[in-house]
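For reference, the structure is listed below as structure tokens.
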Amino acid sequence: MAEYDLVVRGGTVVGAFGTTRCDIGVRGGRIVALGERLGDAAQVLEADGLLVLPGGVDSHCHIEEQMPDGSVIEESFASGSVAAFAGGTTSVVCFVQQWKGHGIAERYWEHKRRGATGMLDYAFHQIITDASDLALEQELPALVADGLRSLKVFLTYDPLHLDDAQYIRVLAAARRHQMLVTVHCENYHAINWRTEALLKAGLTAPKYHSWSRPPVVEREATHRAIALAELVDQPIQVFHVSCEEAAEEIARAQARGVKVWGETCPQYLTLTADHMDRSNPADGAFEGAKFMCSPSPRDTAEQAKVWNMLRRGVLDVVSSDHSGSGFYNSIGKAAAGRDAPFSQIPNGIPGLAARLPILFSEGVVKGRITLEQFVALTATNPARLMGLAPRKGSINVGADADLVLWDAKKKVTITNALMQHAIDYTPYEGLEVTGWPVATLRRGEVVMREGKVEAQPGSGQYLPRAPYDLLIPRNILANDFDAAPPL
Ligand code: DUC
Ligand code: ZN
Ligand code: ZN
């Protein structure tokens, strides 16, 4: 019998801390050897001239989420797996929604059943929209026992948004169970106030979405989210940071030693508010809806500042916030009509497959970040922050053999067909990138080669998460009084 099931031979292997030319030996879906001229293998993949990267870990994407109105996010676990593999991502942390007035258990187990139909490895963030005793006291412990390790809260958005009292309750519950809280930071009342005024003034086109939520509403909510987390002594991650002033709030807290991390997404590095001002003869100003997400993309000067925050390490994860609403169908962006005011157009843009190519091309190729930073931002850091390391996110002996063979020179023009997602458009249509995945391996199995995805439906594995060091509270408490002692 061959010593290895598979050897990836002669590639340039990239880790968060260095790059080296070596073979990778795989047995039973795991990396069992790194070295030169590894021997006998049942299968050999030649990687000469290619980079070998850890499979991407996308710790923020919306897949098959069930909404209280009965609708379901258009990207399914099966179609999302194809898109992820096409773009070099092998694991995701996606969301289960709580419906207001309900507990969390029913939706959670249903979502787990749905997750098991895909091919991607997956874990969940539980969204809390109703910080009730039923959800946080009665039902949460069973979900934690199942390996749930993160909660998500929205400080804006109907019907998801939590007020400060509810947010504090979530922070306290997370502290008791040693979980991470991830936060969407924008000020609910400020956005509603500006939106009402804009609509009254007849300023309803998609571009006014960005006018309804300038950076100050993000900065204020980021400041508040951090301050309350500091009060409770609970680690948080601030999602999708779009601007320097919000990132500065994170930097200041990090300098105080607060356990707060920041994420951004490719849309805040490549798109601007002007994209929402686009129109075309067929769709008119509705074309702008393709780029509508929250927080809003800003401008090129702000993009440069967000890159700088990545280089400084203030923001240490780049995820997609992949969120599927079709543009041409009638259930997505156009659900309320193609001339609906911006406030009625669903937010969110797809980006699961585009994340790695865009960050590599705009980041590494253009000299804004190093190759090692690219790997850290897209795989190693999200795996570590989400409690998926050392199994995921790096190329180490003992880790799952989630690998991407990457052609650093390949030039590609992004089209929606290349994204292979269920969504009927990509906001990155026509973007030219250098660097593209030529093969993706999930647990040692080739699941994508030259754009062709082949994987058994239902072969994705749920990733239970145990407590991990980053989530240990600092025990810095006002008056030394612990209002939410860990269990
Ligand atoms: N913003 C989010 O917070 N979630 C999904 C879509 C979006 O734009
Ligand atoms: Zn969000
Ligand atoms: Zn999101």
Side-chain angles (χ1 to χ4, degrees), residues 58-68 71-75 80 92-98 111 123-129 150-162 167 170 180-188 191 195 206 209-210 212-213 217-218 221-222 225 236-243 246 250 261-273 275-276 288-298 315 317-327 332-333 335 342-352 354-355 382 386 421 423 425-428:
D58 195 339
S59 54
H60 182 168
C61 42
H62 300 269
I63 298 181
E64 214 168 320
E65 227 168 284
Q66 295 170 273
M67 309 298 183
S71 62
V72 182
I73 281 217
E74 287 173 52
E75 200 70 76
V92 291
V93 189
C94 51
F95 299 87
V96 190
Q97 261 200 38
Q98 178 192 15
H111 211 57
F124 297 129
H125 307 288
Q126 174 68 52
I127 298 174
I128 302 293
T129 61
S150 46
L151 300 173
K152 158 92 189 268
V153 303
F154 288 86
L155 300 184
T156 192
Y157 265 148
D158 282 320
L160 305 170
H161 121 274
L162 294 189
Y167 173 50
V170 173
L180 180 69
V181 176
T182 62
V183 195
H184 178 120
C185 295
E186 290 184 294
N187 183 302
Y188 175 75
I191 293 168
T195 300
H209 171 74
S210 81
S212 73
R213 50 214 324 130
V217 308
E218 187 181 342
T222 303
I236 62 168
Q237 185 192 28
V238 178
F239 269 165
H240 42 49
V241 176
S242 74
C243 57
I250 297 171
W261 295 273
E263 168 211 76
T264 192
C265 313
Q267 47 270 40
Y268 304 113
L269 300 166
T270 56
L271 302 179
T272 67
H275 282 83
M276 281 179 275
K290 285 182 178 171
F291 310 93
M292 187 183 280
C293 57
S294 293
S296 168
R298 309 295 180 186
L315 307 177
V317 167
V318 176
S319 35
S320 67
D321 198 3
H322 179 82
S323 186
S325 289
F327 178 79
K333 296 277 186 190
F342 69 86
S343 55
Q344 291 179 31
I345 298 174
N347 285 200
I349 58 178
L352 192 45
R355 180 180 69 118
M386 293 300 156
H421 51 216
I423 318 307
Y425 82 98
T426 169
Y428 305 112

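Indexing begins at 1, ligand by ligand and atom by atom, following the structure's order.
- Checking only distances, K152 never comes within under 3.5 Å of ligand 1, N or O to N or O.
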(request) Quick one: do S242 and R298 satisfy side-chain hydrogen bond (donor to acceptor under 3.5 Å, both in side chains)? Show the steps, please. (result) CA-CA 7 Å; S242 74; R298 309 295 180 186; 2.9 Å; yes
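- Counting heavy atoms from C-beta on, the side chains of P427 and L271 come closer than 4.5 Å.
- Counting heavy atoms closer than 4.0 Å to ligand 1, residue D321 contributes side-chain atoms (C-beta onward) but none from N, CA, C or O.
- Close N/O approach between M292 and ligand 1 is not found [any backbone or side-chain N/O within under 3.5 Å].
- Centroid-to-centroid, the aromatic rings of H184 and F239 stay 6.0 Å apart or farther.
- If you number the atoms of ligand 1 from 1 as listed, the ones under 4.0 Å from a heavy atom of C293 come out as 8 (O).
- Looking only at N/O/S atoms, D321 comes nearest to the Zn ion (ligand 3) through OD1.
- Nearest non-hydrogen protein atom to atom 7 (C) of ligand 1 is Y157 OH, 3.4 Å.
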(request) Determine, stepwise, if the pair S210 / F291 fulfils side chain to side chain contact (heavy atoms under 4.5 Å, CB included). (result) CA-CA 11 Å; S210 81; F291 310 93; over 6 Å; no
(request) Kindly determine whether Q267 and H240 satisfy side chain to side chain contact (heavy atoms under 4.5 Å, CB included), including the steps that lead there. (result) CA-CA 9 Å; Q267 47 270 40; H240 42 49; over 6 Å; no
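- The backbone N or O of E218 lies less than 3.5 Å from no partner atom in the side chain of E186, so there is not a single donor-acceptor pair.
- Remark: distances from the non-hydrogen atoms of F239 to ligand 1 are all 4.0 Å or more.
- In terms of protein heavy-atom proximity, atom 4 (N) of ligand 1 is closest to H62 NE2, 3.5 Å.
- Of the listed options C61, S294, S323, S294 places a heavy atom closest to atom 1 (N) of ligand 1.
- Residue, atom and distance of the protein heavy atom nearest to atom 6 (C) of ligand 1 are G348 CA, 3.4 Å.
- Nearest N/O/S atom of H184 relative to the Zn ion (ligand 2): this is ND1.
- The backbone N or O of G351 sits less than 3.5 Å from a side-chain atom of H322, completing a donor-acceptor pair.
- Between H184 and ligand 1, at least one pair of N/O atoms sits closer than 3.5 Å.
- Using a 4.5 Å heavy-atom threshold, the side chains of Y425 and K333 count as touching.
- Among the candidates Y167, F154, Y188, the single residue satisfying the ring-ring contact (aromatic ring centres under 6.0 Å, His included) test with H161 is Y188.
- Ligand 1 has no nitrogen or oxygen under 3.5 angstrom from a nitrogen or oxygen of H60.
- Residue contacts with ligand 1: H240 is placed with a nitrogen or oxygen under 3.5 Å of a nitrogen or oxygen of the ligand (distance criterion only).
- H60 contributes NE2 and H62 contributes NE2; the angle these two atoms make at the Zn ion (ligand 3) is 110°, rounded to 10°.
- Aromatic rings from F95 and H125 are positioned such that their centres are separated by under 6.0 Å.
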